[in-house]
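Structure record follows, encoded as C-alpha cells.
Keep in mind that this is a model prediction, so the values were computed, not measured.
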Amino acid sequence: MVLSTSAFSGCVIGLLLCTATGSRLFYGGRPSGGFLAPPPTNIPVEDLPKERYFTQKLDHFDAMNTSTWQQRYFTNDSFWNKGVGPVFLMIGGEGPANPAWNVEGAWMLYAQENRALTIQLEHRFYGKSHPTPDVSVENLHFLTSEQALADLAYFRENMSQVLNTGDAKWIAFGGSYSGALAAWLRLKYPHLFYAAVATSGPVQAQLNFVEYAEVVRDSLATSSEDCVMAVQNATIALEKLVTTDAGRAELTSKFKLCTALDSDSKNVSSFAESAAGNIFGIVQYNKDNRAFEGAVGMNITIDTICSIMLNKSIGDELSRYAALNSLLLETYKTKCLDISYTAMINELKSTELKSDAIAGRMWFYQTCNEFGYYQTSDSKNQPFGSLFPLSFFIDQCTAVFGSQFDKAHIERGITWTNENYGGKNFSATRVLFPNGSIDPWHALGIIDRLLGSSRSIYITGTAHCANMYPPVSTDLPSLQMARLEVSEQLKLWVSL
C-alpha cells in the first residue's frame with residue numbers, strides 16, 4: 001500500500017510498513033528507512049563514526065518552555081583544515097541518521113576537495129533522537145519543519161563554539177525532504193548557513209500530488225510506450241475483477257495477498273495502491289547507486305518492469321503485473337502482500353517509540369499537518385486507474401490522528417508551508433537544486449529557474465537523489481556533469 005508522504009536515511013515521500021510475514025513494499029513514496037538510503041560502504045560498523053549527542057531545546061518558539069532532549073549526530077574530521085576549512089552539515093530527514101554517510105557519498109568527495117568537516121544531524125523524532133517519551137498527537141505538536149530548522153540553527157550556533165570553527169562557512173546538504181529543509185534553512189537562517197545543496201527537494205507542498213503518477217508514466221515510457229499500455233491494460237483488468245467475489249478471489253491468489261480481498265472500498269483502494277506502489281518505488285529509485293551492505297532489490301529497474309510487462313509467455317497483462325509483485329515479495333523475503341486497511345491504520349496509531357512503524361507514523365503526521373504530498377490516482381494521464389483517490393488519503397489522516405485532521409486542516413497546513421517558505425517561488429541566494437528527470441518528486445521541485453546565485457541542475461535520465469551517491473563507472477554523462485557542477489560551485493563558494 002502506498003501512502004503519499006522523503007531524509008536522510010532513505011530519499012522517498014510515503015511509507016513502507018512491514019511485518020515478518022507480509023509487507024507493503026512502498027507506501028506513499030517512502031521506503032522503511034526514509035527517503036534517502038545509506039550509500040554503499042565496506043567499512044566495518046565498528047570503524048564508522050561514533051554517535052554523539054547534543055542537548056537540544058524542545059520548543060524554540062516558547063521562551064517559557066525550558067525542556068531539553070538529546071539529539072544524535074555524527075562527525076568526520078578526516079579532511080578538515082581546522083579553523084580554516086568549511087563545515088558541511090548533512091540534514092537528517094524522515095528516518096534514522098546513518099554514519100555511512102559520514103564516510104561515503106558525493107559530499108565526502110566534496111569535503112576532501114574543500115578540506116571540510118562533515119556533520120550529520122538526525123531529525124527530531126526520528127532514529128534515536130526522541131524529544132518526547134512517546135509520539136502521541138499531543139507530543140507530535142513538536143514535530144514540525146520549523147522546529148527542525150530551528151534545531152539546526154541552534155546546533156550550529158553552539159557547535160561552532162564547541163568545535164572552534166571560527167569564521168568557517170557552514171554549508172547545508174540534504175536529499176528529498178531534507179533537501180527541502182536545506183533550501184529552507186538557507187532561506188530562514190542566511191546569517192548562519194552560507195549556502196545549501198538541496199537535492200530532490202519537494203519545496204512545493206501540495207494536497208493532491210497527481211503529477212507523481214504522471215511522471216512515473218513518462219518514466220516508464222523512456223523504456224517503452226508499449227510498457228505503459230501493458231500496465232494500463234493490467235489495471236483495467238484489475239479494476240474489473242475487484243467488482244465481483246470471483247474476481248477478488250482471483251486477485252487474492254495472483255497477488256499473494258495476506259488476507260482475502262473483500263468488497264470493502266478501503267481494502268480495494270489499499271490493494272490498488274499497493275500494486276501501483278510496486279512500480280512507483282522502482283521508478284523513484286531507478287538505477288540509483290544506493291545499494292549498501294545487506295541491501296536487496298537495487299537491480300530491479302524500469303527495464304525490469306518493462307521486460308516483465310511485455311513478456312507474453314507469462315500470460316496476460318494482469319498476470320505480468322502479478323509476476324512483478326511476486327518478484328518483489330521474493331526479493332524482500334516476504335510471504336505475502338498485506339493490503340489490510342485496518343491493519344495499516346492500527347500500525348500508524350501506535351504511539352510507542354519501539355514500534356516498527358513509528359517512523360511511518362511520524363512522517364504521515366507531517367504530511368497531514370504540513371505537506372500533503374498524496375500520490376493519488378486522480379489524474380487521467382497515468383496508467384494506474386482511479387481506485388486510490390484523494391479522499392482515501394484524507395480519511396487516513398482522520399482515522400490515525402483524529403477528526404480535527406480533516407481536509408480543511410491539511411489545506412491550512414499546506415497554505416502555511418508555502419507562504420512560509422515560498423514554494424516554487426522560493427527566493428534565497430546560494431542554493432543549488434539538483435533534480436532527476438526520472439524522479440517523480442521533481443514535479444514539486446525547482447527544475448527550470450535561475451535565481452541569481454541559486455539555480456537548478458536538471459539531470460536527464462536519473463532518479464531520486466542520484467547525484468548524492470558515490471560515482472560509479474556506469475553513471476550517465478548527465479549525472480557525471482551534475483556532480484562536477486556541484487563540485488565547482490562549492491569550491492567557488494568556499495573560496496569567496
Taking atom types as modelled, is there a side-chain donor on Glu211 or Gln206 under 3.5 Å from an acceptor on the other?
yes

Less than 6.0 Å separating the ring centroids of Phe433 and Tyr458?
no

Looking only at the aromatic ring of each residue, does the gap between the centers of Phe384 and Phe280 stay below 6.0 angstrom?
yes

Taking the ring centre of each residue, are Tyr177 and Trp363 less than 6.0 Å apart?
yes

I'd like to know if the side chain of Glu370 pairs up with that of Ser145 as donor and acceptor (distance under 3.5 Å, no hydrogens or angles considered).
yes

Under 3.5 Å side-chain donor-acceptor pair for Asp316 and Ser319
yes

Indicate yes or no for a side-chain donor-acceptor contact from Glu239 to the backbone of Ser386 under 3.5 Å, with no hydrogens or angles considered.
yes

How about Tyr212 and Tyr373: are their ring centroids closer than 6.0 Å?
no

Less than 3.5 Å apart, any donor N or O on the side chain of Glu214 or Ser379 sitting next to an acceptor on the other?
yes

Is the Phe271-Phe255 ring centre distance short of 6.0 angstrom?
yes

Side-chain touch Ile438/Thr462, heavy atoms, less than 4.5 angstrom:
no

Does either side chain, that of Asp448 or that of Ser456, offer a donor lying less than 3.5 Å from an acceptor on the other one?
no

Side chain Asp475, main chain Val472, donor-acceptor under 3.5 Å:
yes

Does any donor atom in the side chain of Thr398 or Asp406 lie under 3.5 Å from an acceptor atom in the other side chain?
no

Taking atom types as modelled and ignoring hydrogens, do the side chains of Ser136 and Asp134 form a donor-acceptor contact shorter than 3.5 angstrom?
yes

Using distance alone, with no hydrogens and no angle criterion, decide if His464 and Asp439 have a side-chain donor and acceptor under 3.5 Å apart.
yes

Under a 3.5 Å cutoff, is there a donor and acceptor pairing between the side chains of Gln284 and Trp441?
yes

Under 3.5 Å, is there a donor on one side chain and an acceptor on the other for His409 and Asn369?
yes

Flag for Tyr341-Ser269: side-chain donor and acceptor within less than 3.5 Å:
no

Under the rule for side-chain contact (heavy atoms from CB on, under 4.5 Å), what residues qualify as partners of Leu241, not counting sequence neighbours?
Glu250, Leu251, Leu318

Look at atom NZ of Lys254 and say whether more than 12 heavy atoms of other residues, nucleotides or ligands are closer to it than 6.0 Å.
yes

With a 6.0 Å cut-off on ring centres, are Tyr365 and Phe405 close enough?
yes

Backbone of Glu347 reached by a side-chain donor or acceptor of Ser350 within 3.5 Å:
no

Does atom CD (Glu138) have a neighbourhood of more than 12 heavy atoms from anything else shown, all under 6.0 Å?
no

Does the side chain of Leu238 come within less than 4.5 Å of Tyr321's, by heavy atoms?
yes

